Amino acid sequence: MRKIKTLNNISQKGLCLFGKDYEVSESVENPEAILVRSAQVDTDSFSELLAVARAGAGVNNITIDKASAKGICVFNAPGANANAVAELVMTILGMEVRHVFEATNWVKNLDPNDPALDKTIEKGKKMFSGTELSGKTLGVIGLGKIGVLVSNYARWKNMNVVAYDPYPSAANMHKLSNVVSVVKTIDEVIAKSDFITVHVPFIKGVTENMLNEKNLAAFKGSIIMNFARGGIVNMDTVYKMLDEGRLQSYLTDFADKKSLQNPKIKIFPHLGASTEEAEENCAVMAVEELKDYLEFGVVRNSVNFPPLDSYPHAEVKSRVVVINQDVPNMIAEITKVFGAANINIASFSNKSNGKIGYNLIDVETSVDDSIIDALKKLEKVIRVRVIHF
Ligand SMILES: NC(=O)C1=CN([C@@H]2O[C@H](COP(=O)(O)OP(=O)(O)OC[C@H]3O[C@@H](n4cnc5c(N)ncnc54)[C@H](O)[C@@H]3O)[C@@H](O)[C@H]2O)C=CC1
Ligand SMILES: O=C(O)CCC(=O)C(=O)O
């Protein structure tokens, strides 16, 4: 029985794919794999752990470096919740420029017994007169799965879009509307935008404080949105800009203590991915990734291991998975162990990503413990396991 620990609420649509050979619950001890959304995972706390799957995009809640050092594969679910976030961002932006949050709140707090209620409402609505999105410029920082969708939705609303991403992927760029203006610096986005939205991962020391006092000095627009992660936009700068009237509002999925008190900051409860569709998509993708990894050693959508998507052919009896540091001569060292034991290798697949070397060695016989021990003894080998068919 394979043991899977779930943290957070994971959609049944994904969980039911595990099947009868899996014990899946929050209370599982010594799990082989963890399925998580936003909870913190310290991979060093689980001695048997082979893999962690994030049913979502951001992996800053998982100790990736510790995981790599122990040969634990970490997956995410790229794009599976992107539409949910993109729709929410555009919805909230549309509501904000029309002052919908304040307006509905004002109506709700009127005296229900006021005989002139209709008149009061008609008279008061001028307080909430807004602007339109059409013709305004949206700055998009990060053109990944979410940023591209946000850009395209903004174009459909007849907005101008100016966007920046230092590492755009071809797959994402092919999906981007060809009238989006892609610029080479974040400063250009800031200078040209009426509204800014960020869609990059939080990476300490890299995207941390990516929007800050220095570059936001050039912002002449009114709204900044952060539905990516707290820490990407420098909050001291936001408070200062709001106080000085240089910013109308800050809309975010991530609260900090001080922001709760500020009426110009609208905070949502990390709501971006909370749709039935996104939760199902993420859970299904994450469970499929975990099952393929545990049952076949296949690596798809890992954030720390190289991709290796190869199933064994019908005669294969054992698949040996060797995870090593990505240094020269490892393939020779590994194959030598099989040669010395006079075992024919039916198939050898190897991929590396500069940090991790990942090998799948298929044989048509069983593999005894002495081979595994010899592989484990190789310097720079991090982890070895055998999958029997
Ligand atoms: N509020 C919520 O519920 C959700 C929040 N998120 C957050 O949104 C982030 C983005 O999600 P996706 O678009 O799905 O991820 P993605 O991986 O498809 O896109 C991220 C983009 O950021 C870019 N990027 C990386 N480093 C950068 C840097 N230093 N400067 C500028 N761009 C950089 C990448 O090149 C990539 O194009 C996630 O990492 C996560 O933190 C994601 C889903 C739900
Ligand atoms: O699972 C969630 O609700 C959060 C989603 C998220 O932040 C992500 O996918 O990065």
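Everything quoted here is computed from the prediction, not taken from an experiment. One-based numbering, in listed order, for ligands and for the atoms of each.
Contacts between V85 and ligand 1 below 4.0 angstrom, taking non-hydrogen atoms only, involve the side chain exclusively. Proximity of H199 to ligand 1, defined as any heavy-atom pair under 4.0 Å, is confined to the backbone N, CA, C and O atoms. Looking at I146 against ligand 1, both its backbone and its side chain come within 4.0 Å, counting heavy atoms. Of the heavy atoms in I186, none comes closer than 4.0 Å to ligand 1.
At least one heavy atom of A228 sits less than 4.0 Å from an atom of ligand 1. Using a non-hydrogen distance threshold of 4.0 Å, P166 registers as a contact of ligand 1.
Note on I331 and V367: same hydrophobic cluster, where clusters join Ile, Leu, Val, Met, Phe, Trp and Tyr whose side-chain heavy atoms are under 4.5 Å apart, directly or indirectly.
The shortest contact between atom 1 (N) of ligand 1 and any protein heavy atom is with D253 OD2, 2.9 Å. Nearest to atom 9 (C) of ligand 1 among the protein's heavy atoms is V200 O, 3.7 Å. If you check which protein heavy atom lies closest to atom 29 (N) of ligand 1, you get T207 CG2, 3.4 Å. Of the protein's heavy atoms, M210 CE, 2.8 Å lies nearest to atom 30 (N) of ligand 1. Nearest protein heavy-atom neighbour of atom 18 (O) of ligand 1: K145 N, 2.8 Å.
Counting only non-hydrogen atoms, the option in V303, D165, V206, V59 that gets closest to atom 34 (C) of ligand 1 is D165. Of the options G144, P201, G58, the smallest heavy-atom separation from atom 22 (O) of ligand 1 is shown by P201.
Here the side chain of S259 pairs a donor or acceptor atom with the backbone of D256 at under 3.5 angstrom. In this structure a side-chain-to-backbone donor-acceptor pair under 3.5 Å is missing from N172 to K175. Of the possible donor and acceptor atoms, one in the side chain of D194 sits under 3.5 Å from a partner among the backbone N and O of T137. With hydrogens and angles ignored, the 3.5 Å screen pairs no side-chain donor or acceptor of N209 with any backbone N or O of N212.
Using modelled atom types and a 3.5 Å distance limit, the side chains of N9 and R37 yield no donor-acceptor pair. Side chains of S370 and D373: a donor-acceptor N/O pair is absent below 3.5 angstrom, by distance only. Side-chain atoms of T43 and T63 form a donor-acceptor pair, as typed in the model, at a separation below 3.5 Å.
The shortest N or O to N or O distance between N81 and ligand 1 is not under 3.5 Å. Checked by distance only, ligand 1 and F227 come closer than 3.5 Å through their nitrogen or oxygen atoms.
Proximity to A57 (heavy-atom distance under 4.0 Å) selects the following atoms of ligand 1: 14 (O), 42 (C). Atoms of ligand 1 lying under 4.0 Å from at least one heavy atom of L143, given by number and element, are 37 (O).
Ring geometry for W106 versus F128: interplanar angle of 30 to 60°, hence tilted.
Taking the six-membered ring where the residue is Trp, the centroids of H199 and F227 are separated by 6.0 Å or more.
For residues 335-358, the set of pairs meeting the side chain to side chain donor-acceptor pair (under 3.5 Å) definition, not counting sequence neighbours, comprises N350-N359.
R2 and D21 are not joined by a salt bridge, as no carboxylate oxygen comes within less than 4.0 angstrom of a charged side-chain nitrogen.
Under the 6.0 Å distance and 45° angle rule, R319 does not count as a cation-pi partner of F348.
Ordered by chain and residue number, the residues placing a heavy atom less than 4.0 Å from ligand 2 are R37, S38, R54, G56, A57, G58, N81, R229, H270, A273.
The two residues P78 and M285 come nearest to each other via the heavy atoms O-CE, 3.7 Å.
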